[in-house]
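All heavy atoms count here, side chains included; hydrogens, waters and symmetry mates do not. The shown structure was predicted, so the numbers you read here are calculated from the model rather than taken from an experiment.
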Amino acid sequence: MDEPDAVTDPTEDGPNGLDRDRRRLALVSHGTYMKERGLQCLFFACALVAVITVVLIFAFTMIEAAPVFSDIGIGEFFGLRWAPTEGSFGIAALAAGSGVVTLGALVLGVPLGIGTAVYLTEIATERVRGIVSPAVDLLAGIPSIIYGFFGMVIIRPFVAAVSGGLGFGALTAWFVLAIMIVPTITTLTMDALRSIPMGIREASFAMGATKWQTIYKVVLPAARFGIVDAIVLGMGRAIGETMAVLMVVGNAPVIPGSVTSPISTLTSQIALDMSYASGLHRTALFAMGVVLFVISASLVGFVRLLSKMGRR
Amino acid sequence: MSTYQSAPDASMAAIAIRDFEFWYSEFHALTEVNMNIAKDSITAFIGPSGCGKSTFLRCVNRMNDLIEGTHVEGRMELDGSDIYAEGVDPVDLRRRVGMIFQQPNPFPKSIYENVAFGPRLQGVTKKSDLDDIVEESLKRANLWKEVSSQLGKDGLALSGGQQQRLCIARVLAVQPDVLLMDEPCSAIDPTSVQKVEDLMAELAPQMTIVIVTHNMQQAARISDYTAFFLQEVAGEPATLIEYGQTDSIFTSPMDQRTEDYITGRFG
Amino acid sequence: MSTYQSAPDASMAAIAIRDFEFWYSEFHALTEVNMNIAKDSITAFIGPSGCGKSTFLRCVNRMNDLIEGTHVEGRMELDGSDIYAEGVDPVDLRRRVGMIFQQPNPFPKSIYENVAFGPRLQGVTKKSDLDDIVEESLKRANLWKEVSSQLGKDGLALSGGQQQRLCIARVLAVQPDVLLMDEPCSAIDPTSVQKVEDLMAELAPQMTIVIVTHNMQQAARISDYTAFFLQEVAGEPATLIEYGQTDSIFTSPMDQRTEDYITGRFG
Amino acid sequence: MASEMREPISSRERIKRALARGAVHRVSKETSNAVMLGVFRAAAYITVFVLVAILGYVLVNGIPNISLEFIFGWPEGVNAEGGIWPAIVSTVYVTALAMLICTPVAVLAAVYLAEYAKQGHLVEIIRYAADTLASVPSIVMGLFGYALFVETMGFGLSMLSAALALALLMLPIVMRTTEEAIRAVPRYIRWGAYGLGATKWQVVSKIVLPGAFGRIATGIVLAIGRAIGETAVVLYTMGQAINLPVTPLDSGRPMTVHLYLLANDGINMNAAYGTALLLVIIILTFNLFARYLSRKGK
Amino acid sequence: QVSEHVTVSGSTTCLPIAEIAAENFKQRTSTDVLVSGLGSSAGIEAVSNGTADIATSSRDLNDDERSLGLTPIPIAHDGIAIIVNTSNPVNRVTTEQLRRIYAGQITNWSELGGDDEPIQLVNRDEASGTREAFNTLVMKKVPFDRRAAVLPGTGQVRDVVSRSKGAIGYISMGFVKSSFADTEVKTLDVDGIKATEETVTSGVYPISRDLYFFVKGTPSEAARRYIDYMLSDQMDAMIREAGFIPMSASKDTGNEVS
Ligand SMILES: Nc1ncnc2c1ncn2[C@@H]1O[C@H](COP(=O)(O)OP(=O)(O)OP(=O)(O)O)[C@@H](O)[C@H]1O
Ligand SMILES: Nc1ncnc2c1ncn2[C@@H]1O[C@H](COP(=O)(O)OP(=O)(O)OP(=O)(O)O)[C@@H](O)[C@H]1O
Ligand SMILES: [Mg+2]
Ligand SMILES: [Mg+2]
Ligand SMILES: O=P([O-])([O-])[O-]
């Protein structure tokens, strides 16, 4: 590797006294090289932790879930009946519950979140923005258990009073989850909107567009990838939410008759059963974990694909 | 306070400015601007950085309304009516006074949609009318030849110079009477600069054009009239120092400060 | 391809460049550069924006190694040894070839620590030695008087011009043989420009200085030799067009393109 | 010249005519503008109102229950009267431990991504993994933590198991903010250091990391806030025994789990409100501190 | 000194008494007892896989669990009270009716002589010993209506029932009265019998069961002393305060409980 011949010897053909402080260029020393290499390997190892963890999570939950294939059977696993004490491990009703709860939360939360973000970035005065957007930021950090608690003590009784039922069910979960995902969607949408160059807004105004025209013809289309990102991440948050849902859905693993009758979701059922499940039951819970993991990994994949398209 | 050398008189004015003052919240940015901007000719604003050229330009289509806390005094008349009068809709005003910015800023849409944007705002929905407008505007902006076969392409995929001409086409599509250009050539390559300058010369006979430029040669080359702005003391408002026919300003400036600036003694 | 007018010959060269080519990944940025950079004098690189002046300058201390995918061909010899030879430690090279950037870039540390940074890297730890070096370097950079009483102050708290001189002091502290300066004066105020130019004149007798500048007057004022680079066709590599004594280049350029550029006909 | 002139004139006319035809169909732009801006404003007001209502509710119901005795006391008796000191300590303990585990790995990983990695598939995979990790539902992380740390590695229901699971949760947050922080250090400053003959590691350790410190700290503090509020992960990795943890292998009951159990038992709601308020205060304090740090960092 | 500690896990019903015992026990012996409650089945699972020393349970072992080699130690008697909203005019049910209610066959209070109001079922989660006992004693293998709300804690059942007019639930009688809740619930007589200490101890009240500790093999010294303490007279008052009936009550009267 070291090839001293590549450097011509200055003493041999150094011309006419100009070589005041001529010295050879040093070659990379072995010690330095090894040290820098070593550090780089260490950093690399750290960077790989994330990859290894993700693989481990998948592998571990998958291994624990393996008997689902052999002993329960895929068909049964995706069946409708969840009754672990009676040996039925169908997750369709739970998955449907997760889906319903998530969709409703999005229907309520997305307009609110995007509307808030648009208001704060495009319409509000400096002063309002200065107060409200940090507040929304902070609220994004409120833990889900608090939202669940609030849902349990305020929203559920309220829904119960209005509907005449117990107040457990999809409707309550929609409210709770919508409130939860609004800060997420708002902050991410605001990021997307802020990253749009001021220039195209100015151009639109200069063309004689009103504020609303500028927002929906220029700003929102330009930010569409970022906004879809925000929605998908909000969706991920809603699907994965456990405690808040557990506290308000009523945990009946059935296809409900109405939005105010109890339902159950994948996450809440895992949390509910995890403490005592054994044998096949436990296996089924891990398999539900795998399903959730795959869903969230695909959502992330989708977002990444989208932002790649957005960059292009 | 300002010096005038064969400057346009009121009868030639597309825009007449009287005792104009401008504030960004607390900061008094411009003071005592009096000038007539000649109809259907090219007027150049020159001056060192920060002297309020852009600020003043943006007063003409009330873009500064979008900045919180700005405030004007004095009159600015477009074809005889005060644009700052109560009840004047800045949105309508901006349709009549188009603007081109330093950074080409096409919308992230297709070339076609970029040009159709303004007409659509004004309610044009018929496809054939839109097609017409798009084609005519691109032709006037000397861009048609280059893009006619790819109108569906994203405006951002064009080169910088093409983008700038696309922005001009976009403005032409709404038929403004006045075209404001804020350093339209400073971010594009020399060949494109040539094209944009040619285009301005073509447009000028039917359009009042105001251009801010840092490039003295460019001002000298293309403009009929030149206005020199200066903020003498940092923190104090800038004002119009000298205004008149471009030839006179460049060959025999009457104000010492104009001369210093033009000969490159500062700025 | 290049034209030479009383350019330094090999015997005077601190840096000798032969058939030098440079690529940014796919983009061939420089081609066929051949020149000798004279020892202990000031050489200016001029040329329009994007013609590869900075790129070439960064080749001299292998800063381009830090950019992924770059690739060189040809030889670049510093005092006779090829700096791109296998095994050459770019870190050691950069110690001998200092660099000043357009944007003053003091570290977010105290003035003292800024200057002591280089010596510390080289293992100087004794406080008194460091004190000495810091004082000497700041003196050589004409900054000592202004900052001697506040060496603990954050380097970023200085004015732009002072920051630039601090960066120079920081480089002087490691005793480089060559000093590369990439538009060192374009981001600082005129008074500071004067000081930096004076400083360069003081340093030149014992140091090879290469400066990239957009300011023709500056090049004419301070440099002994001038090299004009040009990228004639966008996307094609740029090259050295003309090189020689500054007087000759500015008063009687032999290449038409040099003349066009110097007289402001483009760029 | 004349032929050149005619073209634009006719263009002008044609555009004018088309515009005039269109103007007939115009709808009132002022109305739609006013209405839609009102809709956006309403959305913002609703959001703010709801969020303020939640905080206000927790505050109003929580304040009467907070006292020194509540903070420093132990839960007592059938109805969990008394205080929540062990829960506070468990929360602090597990979060600090998680931070200690997560920070070095996350920061060094970010250094790799920002300074060393060549853009390519590998980096893509690492980023994808980090993003995925960030979005793994917390109950899945709980399951995983239970299977790996509690059972397979034999740490039992303990601070260590919970901290490891939480560290995984914090990892992507710290990694991302650190990477952004590192990238925000101007390249000019880096070049300055390279230009003085610094090696890569010297540049990273002496210039980049100190320069990015404020923003890295912000990321860590944000991640801490997230970890403090986490429930599902700790529920099945830490257990729920009321206990003052001493060694990392001790079990405990963090505030979130305590709140969950109180809410479920539904018997001593006062303690639940008090716990909720303390939890919110702690997390908001951390987040405010993060904001302060990030503002200072700028 | 390495502090020995005892891990107790399981029933939420038993949680209060297990915790009181732990507190007092610690004061006496400075031994830590870590108690958690996720449901009886959770405790049994924990003891059998070694993560806990003692499982608390509000039911006996079921058939699957008998093979795990756990030793049952009854610690108290308890009745399962049937609770409804205070505004509900219905006062009594039979076990048969209860079964049909929870199987989803009786769906309106009017069928029980109450108002025309749909019955809102509140059930417990499958980890619950109370549910298991209710299942054995009342449902007798008839499956629960799966649409019922499933709540993971006794307190929540009480709270939900106290706020919804049509609701019905079942909880340990020890939780019916609570000085900490701001709402009330009403108990129904079952087969004409009120749930009281006497009726439960004597076995007249049809839905009663014992609360248990389970240990695997020989418990540690500390665990054994904690169990002893739990069974000692010193705990009786506390067990009563928590609303359960100490084992001594049946010994005193000489009655055995089914
Ligand atoms: N939004 C704003 N708020 C407050 N002050 C501003 C704002 N925009 C510009 N200014 C100030 O107003 C003065 C004039 O700025 P302006 O941009 O008009 O100068 P300019 O002549 O266009 O300069 P340049 O040649 O650099 O574009 C400057 O001092 C500037 O700092
Ligand atoms: N990191 C890079 N990757 C790819 N291309 C680059 C990179 N840096 C510069 N270039 C390209 O190389 C060419 C020369 O750039 P360079 O910065 O050397 O020009 P310059 O003469 O210094 O211009 P200026 O006067 O604007 O500083 C330009 O076309 C530029 O786009
Ligand atoms: Mg400007
Ligand atoms: Mg450059
Ligand atoms: O006492 P349980 O919680 O198991 O019903």
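At a 4.5 Å heavy-atom cutoff, the contact between A/Ile154 and chain D is made by side-chain atoms alone. For a residue to count as touching a neighbouring chain, one of its non-hydrogen atoms must lie under 4.5 Å from one of that chain's; by this rule A/Glu64 touches chain D with the side chain only. Interface remark: A/Leu120 contributes no atoms to any contact with chain D (heavy atom separation under 4.5 Å). If you measure heavy-atom distances from A/Phe149 to chain D, the contacts under 4.5 Å come from the side chain alone. Proximity to chain A (any heavy atom under 4.5 Å) is shown, for D/Glu179, by neither the backbone nor the side chain. Neither the backbone nor the side chain of A/Tyr216 comes within less than 4.5 Å of any heavy atom of chain D. Proximity to chain D is limited to the side chain of A/Leu139, based on heavy atoms less than 4.5 angstrom apart. If you measure heavy-atom distances from A/Pro134 to chain D, the contacts under 4.5 Å come from both the backbone and the side chain. If you measure heavy-atom distances from D/Tyr57 to chain A, the contacts under 4.5 Å come from the side chain alone. For a residue to count as touching a neighbouring chain, one of its non-hydrogen atoms must lie under 4.5 Å from one of that chain's; by this rule A/Ile215 touches chain D with the side chain only. Heavy atoms of D/Thr275 lying under 4.5 Å from chain A are absent altogether. Contact of A/Leu246 with chain D is made through the side chain alone, with heavy-atom distances under 4.5 Å. In this structure, chain D has a heavy atom under 4.5 Å from the side chain of A/Thr242, while its backbone stays farther away. For A/Ile123, the part lying under 4.5 angstrom from a heavy atom of chain D is the side chain only. Only the side chain of A/Val132 comes within contact range of chain D, judged by heavy atoms closer than 4.5 Å. Proximity to chain D involves both the backbone and the side chain of A/Ala297, based on heavy atoms less than 4.5 angstrom apart. Contacts between A/Leu42 and chain D at a heavy-atom distance below 4.5 Å involve the side chain alone, from C-beta outward. Using a 4.5 Å cut-off between heavy atoms, D/Leu122 touches chain A through its side chain atoms alone.
The two residues A/Phe150 and D/Ala53 have their closest heavy-atom pair at CE1-O, 4.4 Å. When every heavy atom of D/Leu37 is checked against every heavy atom of A/Trp212, the shortest pair comes out as CD2-N, 4.4 Å. Here the closest non-hydrogen pair linking D/Val136 and A/Ser296 is CA-OG, 4.1 Å. Minimum heavy-atom separation, A/Ile145 to D/Leu259: CG1-CD2, 3.9 Å. The minimum heavy-atom distance between A/Ala50 and D/Leu133, with the atom names listed, is CA-CD2, 4.3 Å. Scanning both residues, D/Val105 and A/Cys46, for their nearest heavy atoms gives O-CB, 3.5 Å.
The shortest distance between side-chain heavy atoms of D/Ile283 and A/Pro143 falls below 4.5 Å. Under the 4.5 Å side-chain criterion, counting only non-hydrogen atoms from C-beta, A/Leu48 is not in contact with D/Tyr112. Side chains of D/Glu124 and A/Arg304 form a contact here, defined as non-hydrogen atoms less than 4.5 Å apart.
Other residues, nucleotides and ligands contribute more than 12 heavy atoms inside 6.0 Å of the CZ atom of D/Arg127.
Among D/Leu279, D/Thr152, D/Val280, D/Leu148, the residue with the largest count of heavy-atom pairs under 4.5 Å with chain A is D/Leu148. Note: D/Val140 leads D/Asn61, D/Leu113, D/Val140, D/Val58 in heavy-atom pairs under 4.5 Å with chain A.
Rounding to the nearest 0.5 angstrom, the gap separating the CD1 atom in A/Ile142 from the CG atom in D/Asn287 is 8.0 Å. Annotation: the span from A/Ile295 atom CD1 to D/Ser135 atom OG amounts to 11.0 Å, rounded to 0.5 Å. With rounding to the nearest 0.5 Å, the separation of CG in D/Leu143 from CE in A/Met288 is 9.0 Å. Taken from CE in A/Met152 to CE in D/Met269, the straight-line distance is 5.0 Å, to the nearest 0.5 Å. Atoms CD and CH2, from A/Glu36 and D/Trp201 in turn, are 9.0 Å apart once rounded to the nearest 0.5 Å. Rounding to the nearest 0.5 angstrom, the gap separating the CD atom in A/Glu241 from the CD1 atom in D/Ile139 is 10.0 Å.
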When you look at D/Tyr116 and A/Phe44, which way does the side-chain contact (heavy atoms from CB on, under 4.5 Å) test go after all the steps?
CA-CA 9 Å; D/Tyr116 285 82; A/Phe44 179 62; over 6 Å; no
For D/Tyr260 and A/Met247, run side-chain contact (heavy atoms from CB on, under 4.5 Å): C-alpha distance rounded to whole Å, both residues' side-chain angles, the deciding distance at 0.1 Å, then the answer.
CA-CA 9 Å; D/Tyr260 172 67; A/Met247 293 165 93; 4.0 Å; yes
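Along residues 39-52 of chain D, the residues that come nearer than 4.5 angstrom to chain A, judged on non-hydrogen atoms, are D/Phe40, D/Arg41, D/Ala43, D/Ala44, D/Tyr45, D/Ile46, D/Thr47, D/Val48, D/Val50, D/Leu51 in order of number.
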